[in-house]
There are 2 protein chains.
Amino acid sequence: MEFEAIIGRMRGRGYKVTPQRLAVLEALAAERHQSLDELRGRCSGVGLATLYRTLDLLTGIGVVRRLELGDGPRYELAEDHHHHLICESCGEISEFEDCPLDGVGRIGGFSPRAHSLEVYGRCEGCR
Amino acid sequence: MEFEAIIGRMRGRGYKVTPQRLAVLEALAAERHQSLDELRGRCSGVGLATLYRTLDLLTGIGVVRRLELGDGPRYELAEDHHHHLICESCGEISEFEDCPLDGVGRIGGFSPRAHSLEVYGRCEGCR
DNA sequence: TTACATGCAAATGGTTTGCAAACAT
DNA sequence: ATGTTTGCAAACCATTTGCATGTAA
């Protein structure tokens, strides 16, 4: 989803488009799975409470994904579908797009809408 | 893993087996994916700090799994391998054993050691 | 014009920690 | 006997909230 679409979605739901919200979006676009502090570094000028409120807002309308990767929460734009590989040796986080749940329909009587998958292990460099 | 094995593992690593630790283990055995408060309810008599410390200890030696299912952390004995279905309508949490990652080896250059998978959607009753 | 958004500082609440007493081995 | 564990209360710290001010539409 590009910025235009995101802005449209915000306006469409009655949210205002402010410089702070745009700044947060740009910070999110800079890199995937950032911690709050990383985002904060890219958003100097945006108050801490506003950063939290904006992340909540964006998560609520499906624009941002909140991740739990073992250390604190991380955030990323919910553009494409991918999952994370977390290296337990060096902490590096990488992505893989090849989702093993592709094409999985009903699970028992349960209808899946979304899922999260995190894989822990050792990255190539740490092998 | 039965209690005997768990106790053995604790002793083997130099940890003492105390009534509080046994109480926490029994509480964990009563039900899967319990919240801290649920555990607390089954462990009246064990101080809050001790409960936290015990869960840390047991997680550290691989006996307990800590889950992030959307609301706060939850805990369960790490006996068998399974994943969770979280109903977004009623909040019910159920399990499924049929892991779509079974048999997946190296992912790119990454060597998986463990993984967590959570599926969000609607349970049969809420369909 | 006005309802929504921001920033600051204070409040919150889950989790951790310090320390003296109690305990497993 | 002694190093570990416990419970309590205090400390922490990430996140949330109240409110007066600023602002997008």
Side-chain angles (χ1 to χ4, degrees), chain A residues 3-28 33-61 63-76 91, chain B residues 3-28 33-61 63-76 91:
Chain A
F3 272 36
E4 294 315 316
I6 295 176
I7 291 175
R9 187 183 288 216
M10 291 175 62
R11 287 227 169 80
R13 311 211 172 190
Y15 297 116
K16 293 179 177 171
V17 176
T18 67
Q20 289 88 341
R21 286 172 180 175
L22 290 173
V24 173
L25 281 172
E26 274 170 29
L28 285 162
H33 50 72
Q34 293 180 73
S35 67
L36 198 98
D37 282 339
E38 290 174 297
L39 288 172
R40 211 135 93 88
R42 293 186 214 275
C43 281
S44 49
V46 176
L48 181 55
T50 298
L51 177 52
Y52 275 110
R53 284 185 285 223
T54 302
L55 289 171
D56 262 13
L57 166 62
L58 295 173
T59 302
I61 64 178
V63 164
V64 161
R65 212 172 3 237
R66 179 196 169 101
L67 311 169
E68 293 289 349
L69 266 32
D71 52 347
R74 288 172 176 269
Y75 303 86
E76 66 185 14
Chain B
F3 272 36
E4 295 313 316
I6 295 177
I7 291 175
R9 187 183 289 217
M10 291 175 62
R11 288 228 167 80
R13 311 209 172 190
Y15 297 116
K16 293 181 176 169
V17 175
T18 68
Q20 290 87 342
R21 286 171 180 174
L22 290 173
V24 173
L25 282 172
E26 273 171 29
L28 285 162
H33 50 73
Q34 293 179 75
S35 67
L36 198 97
D37 281 338
E38 289 174 299
L39 287 172
R40 211 133 93 87
R42 294 187 215 274
C43 280
S44 50
V46 176
L48 180 55
T50 298
L51 176 52
Y52 275 110
R53 286 185 284 223
T54 302
L55 289 171
D56 262 13
L57 166 62
L58 295 174
T59 302
I61 64 178
V63 164
V64 162
R65 209 170 10 232
R66 179 198 170 102
L67 311 169
E68 293 289 349
L69 266 33
D71 52 347
R74 287 171 175 270
Y75 304 86
E76 67 185 13

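Only a predicted model underlies this, so the values are computations on that prediction, with no experimental measurement involved. Below, chains carry the letters A, B, ... as their sequence lines are ordered, and counting in each starts from 1.
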Q: On DNA chain D, check which nucleotide each of B:Ala49 and B:Tyr15 is closest to and give me the residue with the more 5' one.
A: B:Tyr15
(Q) Let me spell it out: for each of B:Lys16 and B:Gly45, pick the nucleotide of DNA chain D with the closest heavy atom. Which residue's pick is nearer the 5' end? (A) B:Lys16
Whole Å only: how far is the [atom1] atom of [X] from the [atom2] atom of [N]?
X       : N      : atom1 : atom2 : answer
A:Arg53 : D:dT16 : CZ    : P     : 10 Å
B:Asp56 : D:dT5  : CG    : P     : 13 Å
A:Met10 : D:dA24 : CE    : P     : 12 Å
A:Asp71 : D:dA14 : CG    : C1'   : 14 Å
A:Leu39 : D:dT15 : CG    : P     : 11 Å

Q) Please walk me through it: do A:Leu48 and A:Leu36 pass side chain to side chain contact (heavy atoms under 4.5 Å, CB included)? A) CA-CA 9 Å; A:Leu48 181 55; A:Leu36 198 98; 3.9 Å; yes
Q: Could you tell me the separation between the CG atom of A:Asp37 and the CZ atom of A:Arg74, rounded to the nearest 0.5 Å?
A: 10.0 Å
Q) Rounded to the nearest 0.5 Å, what separation is found between the CZ atom of B:Arg21 and the CZ atom of B:Arg53? A) 9.5 Å
Q: Search all heavy atoms of B:Cys43 against all heavy atoms of B:Ala27 and return the closest pair with its distance.
A: SG-CB, 3.6 Å
Q: Return the 5'-most residue of the pair B:Tyr52, B:Arg11 with respect to DNA chain C, ranking by each residue's nearest nucleotide.
A: B:Tyr52
Q. With side chains defined as the heavy atoms from C-beta onward, is the minimum distance between B:Val24 and B:Gln20 less than 4.5 Å?
A. no
(Q) Test side chain to side chain contact (heavy atoms under 4.5 Å, CB included) on A:Leu55 and A:Leu39; report intermediate values, then the result. (A) CA-CA 10 Å; A:Leu55 289 171; A:Leu39 288 172; 4.0 Å; yes
Q. Between the two end axes of the helix from C:dT1-D:dA25 to C:dT25-D:dA1, each built from 5 base pairs, what angle do you get to the nearest 10°?
A. 50°
Q: Would you check, one step at a time, whether the test side chain to side chain contact (heavy atoms under 4.5 Å, CB included) holds for A:Val46 with A:Thr54?
A: CA-CA 10 Å; A:Val46 176; A:Thr54 302; 5.6 Å; no
Q. Under 4.0 angstrom, heavy atoms only, what part of the nucleic acid is A:Arg21 near: base, sugar-phosphate, or nothing?
A. sugar-phosphate
(Q) Please determine whether side chain to side chain contact (heavy atoms under 4.5 Å, CB included) holds for the pair B:Leu57 and B:Val63, giving the CA-CA distance in whole Å, both sets of side-chain angles, and the decisive distance to 0.1 Å. (A) CA-CA 9 Å; B:Leu57 166 62; B:Val63 164; over 6 Å; no
Q | Boundaries of the chain A footprint along DNA chain C (any atom under 4.0 Å from a heavy atom) | A | C:dA3 to C:dC8
Q.
Please check this pair: side chain of A:Arg9 against backbone of A:Ile61, looking for a donor-acceptor N/O pair closer than 3.5 Å.
A. yes
